Amino acid sequence: MTEAANDFIRDAVRRDNEQGTYRGRVQTRFPPEPNGYLHIGHAKAIVTDFSVALDFDGTCNLRFDDTNPDTEETEYVDAIVSDIAWLGYEPAAIFYASDYFEKLYEWAEVLVREGLAYVDDQDGDTISAQRGGYGRPGVESPYRDRSPAENLDLLRRMRAGEFPDGSRVLRAKVDMQHENMQMRDPVMYRIRHSPHHRTGDAWCLYPTYDWAHGQSDAIEGVTHSLCTLEFDSHRVLYDWFLDHLPLPYDQPRQIEFARLELTHTVTSKRRLRSLVDDGVVDGWDDPRMPTLQGLRRRGYPAEAIVAFCRDVGTTRTNSRQSIENLEAYVRRALNLTAQRRMAVLRPLKVVVTNWPEGQVDTFEVANNPEDPSDGVRQVAFTGELWIEADDFAEVPPPKFFRLSPGVEVRLRGAYLVRCTGVVKDEAGEIVQVDVTYDPETRGGSAPDGRKVRSTMHWVSAAHAVDLEVALYDRLFSAANPGERTGEPLDDLNPDSRELVAAKGEAALAATAPGEVVQFERLGYFA
RNA sequence: UGGGGUAUGGGGUAAUUGGCAGCCCAGCGGAUUCUGGUUCCGUUAGUCUAGGUUCGAGUCCUAGUACCCCAACCA
């Protein structure tokens with residue numbers, strides 16, 4: 001055991017180990033359905049599944065829950081595999097529920113022979129109506145008491161493709177009066193003459209989640225099947241199936257935990273898909289999406305996401321984390337590694353009135369003050385600059401330390417300058433600020449030791465580059481060393497461009513040709 | 001309407017299982033700082049309600065309240 005983290009899941013595992021339930025073995029799995037891209041909510045499940053296994057020297061598999069051919073695609077499989085790798089986890093093995101279709105079918109025949117499953121000829125609406133409701137018992141299907149022999153014959157013919165979609169299902173024979181709706185003879189197999197992304201046309205019979213999941217766990221030798229809270233009421237059924245089957249390993253245990261929700265963030269695959277399908281965003285990896293690929297392009301380092309998921313903990317309490325908390329982890333990670341650049345989002349022109357005509361000065365600036373080993377860069381200084389409009393106030397409010405008439409400030413890494421006047425247009429808007437620089441303060445410090453209250457970002461007008469393009473590309477490469485997006489903002493739709501500019505209140509520092517780095521918030525949240 | 005689950009500062013999450021309610025985010029105050037960043041120090045604020053057991057209750061008991069999940073041939 002590497003870590004002594006404390007939560008109810010680890011407590012349960014520890015207890016199992018003490019009692020020898022699984023002879024000390026710990027095996028989990030992350031079981032996504034390949035019908036969409038992984039999002040921040042999945043990261044929580046991934047971190048939980050993998051870290052519990054790792055903490056107890058166990059293993060965690062990736063298993064695709066591909067039991068519904070109508071919604072699943074290889075594209076999603078590939079994306080999920082690479083997203084998990086990006087987060088830094090390596091599955092012990094990659095499996096598919098579809099690997100087990102034959103075994104599942106074999107086990108279904110076992111239940112049929114024992115009189116624990118039957119073929120129902122009724123349609124979905126009828127079955128649903130017969131199921132009853134909360135506080136209302138269900139009624140038994142007229143086909144419920146078919147003989148095992150007849151059921152076996154029908155099941156085989158279902159598999160052989162003799163019947164059309166929806167005409168028959170295989171149901172578990174449990175209890176139509178059961179207070180738990182999941183136990184009222186749940187459907188195990190439905191007929192679906194659809195090609196499957198892996199098994200092609202081999203099957204026209206597909207297992208439901210309930211019939212596939214626990215059995216897949218058992219086949220793989222999973223010990224602790226961690227899932228989210230909404231499956232709590234399925235646990236009785238999970239156990240019921242397993243109780244009646246000849247399992248190759250010890251019977252796995254399902255443990256539920258609360259999913260991760262974030263404020264201002266949509267984590268419903270259905271709604272995310274519609275954003276993609278309706279063209280509201282450019283794709284699943286649009287930086288505005290809460291998908292792992294979107295967050296990655298937004299500049300979130302994987303380790304920040306993992307640390308966040310670990311620290312919010314695993315509980316059975318439904319809750320919603322604030323996006324600010326996640327961002328705090330992102331900032332913490334980026335602060336250590338991100339190279340700084342000066343940037344100006346809302347430019348205001350500054351003219352250095354005593355600057356020698358045509359002179360260009362070059363300064364060497366540290367890329368990252370937090371990490372001196374990260375090198376330096378050259379930044380050009382001229383007599384015509386841009387500063388952030390917010391950094392100037394003609395009439396400074398209380399506690400405003402930046403530029404205003406008569407006040408001296410430091411232009412980061414360059415010179416101390418003092419404001420000598422403003423230029424306004426006919427409408428009275430300030431269009432230019434005049435300053436004088438002190439040649440003795442080259443590099444930003446005064447020989448006489450005098451202090452200034454503020455240090456500001458600046459950009460040489462002649463040397464500045466398009467922030468939007470730089471911002472997007474740099475954010476990506478800051479989080480993914482060595483890579484570039486290859487598609488700067490020009491390739492994004494106009495809306496997203498504006499959003500980047502408006503919301504990228506990059507705590508930025510610095511601006512030098514072409515680069516941006518640290519930021520506080522960037523993105524789009526509904 | 002029946003069953004299941006969950007309640008700890010503004011948002012999250014701990015408490016050696018009955019023994020000083022701790023930590024993160026946010027807020028506030030201060031120090032440092034060539035990023036109003038970072039870092040450091042300090043600080044505000046909490047056990048759903050009402051009873052009960054106990055020397056002692058977030059934890060145990062009783063009765064309430066609020067919220068979440070379940071009636072797909074989705075997962």
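Because the structure is a prediction, the values reported are computed rather than measured. First the proteins, then the strands, lettered A, B, ... as listed; each starts at 1. The analysis underlying the following values was restricted to heavy atoms, covering all of them including side chains, and did not include hydrogens, waters or symmetry mates.
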Taking atom [atom1] in both [N] and [M], compute the distance separating them and give it to the nearest angstrom.
{"N": "C40(B)", "M": "U32(B)", "atom1": "P", "result": "16 Å"}
{"N": "A50(B)", "M": "C55(B)", "atom1": "P", "result": "23 Å"}
{"N": "C73(B)", "M": "A15(B)", "atom1": "P", "result": "40 Å"}

Give a yes/no on whether any side-chain N or O of [X] is located under 4.0 angstrom from OP1 or OP2 of [N].
{"X": "Arg331(A)", "N": "C25(B)", "result": "no"}
{"X": "Arg259(A)", "N": "U6(B)", "result": "no"}
{"X": "Arg410(A)", "N": "U33(B)", "result": "no"}

Please write out each protein N/O paired with an N/O of nucleotides 13-15 of chain B under 3.5 Å, distance rounded to 0.1 Å.
from   : atom 1 : to        : atom 2 : distance (Å)
U13(B) : OP1    : Thr315(A) : OG1    : 3.1
U13(B) : OP1    : Ser319(A) : OG     : 3.3

Between [options], which one does the side chain of [X] approach most closely?
{"X": "Glu230(A)", "options": "U38(B), C69(B), G36(B)", "answer": "C69(B)"}
{"X": "Phe401(A)", "options": "C74(B), C25(B), G36(B)", "answer": "G36(B)"}
{"X": "Thr67(A)", "options": "G4(B), A75(B), C25(B)", "answer": "A75(B)"}
{"X": "Arg332(A)", "options": "U38(B), C74(B), C24(B)", "answer": "C24(B)"}
{"X": "Ser233(A)", "options": "G5(B), U38(B), C70(B)", "answer": "C70(B)"}
{"X": "Ile127(A)", "options": "A75(B), G11(B), C73(B)", "answer": "C73(B)"}

5'-to-3' dot-bracket of RNA chain B (Watson-Crick, G-U; under 3.5 angstrom; crossing pairs as [ ]; | other strand): .((((((..((((.....[..)))).(((((.......)))))....(((((..]....))))))))))).....
Evaluate the ring planes of Phe381(A) and Phe363(A), with Trp represented by its six-membered ring, and classify them as parallel (under 30°), tilted (30 to 60°) or perpendicular (over 60°).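 Because their plane-to-plane angle is over 60°, the rings of Phe381(A) and Phe363(A) count as perpendicular.
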Atom-to-atom span, CD of Gln254(A) to P of G4(B) - whole angstrom: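 It is 17 Å, rounded to the nearest whole Å.
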Round to the nearest Å and state the distance from Glu261(A) atom CD to C69(B) atom C1'.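 So the CD-C1' distance, Glu261(A) to C69(B), works out to 12 Å.
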Is the aromatic ring of Tyr209(A) within stacking range of A75(B), meaning centres under 5.5 angstrom and planes under 30 degrees?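 So Tyr209(A) does not count as stacking on the base.
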Scan nucleotides 42-48 of chain B against the protein and return all N/O pairs shorter than 3.5 Å with their distances rounded to 0.1 Å.
none

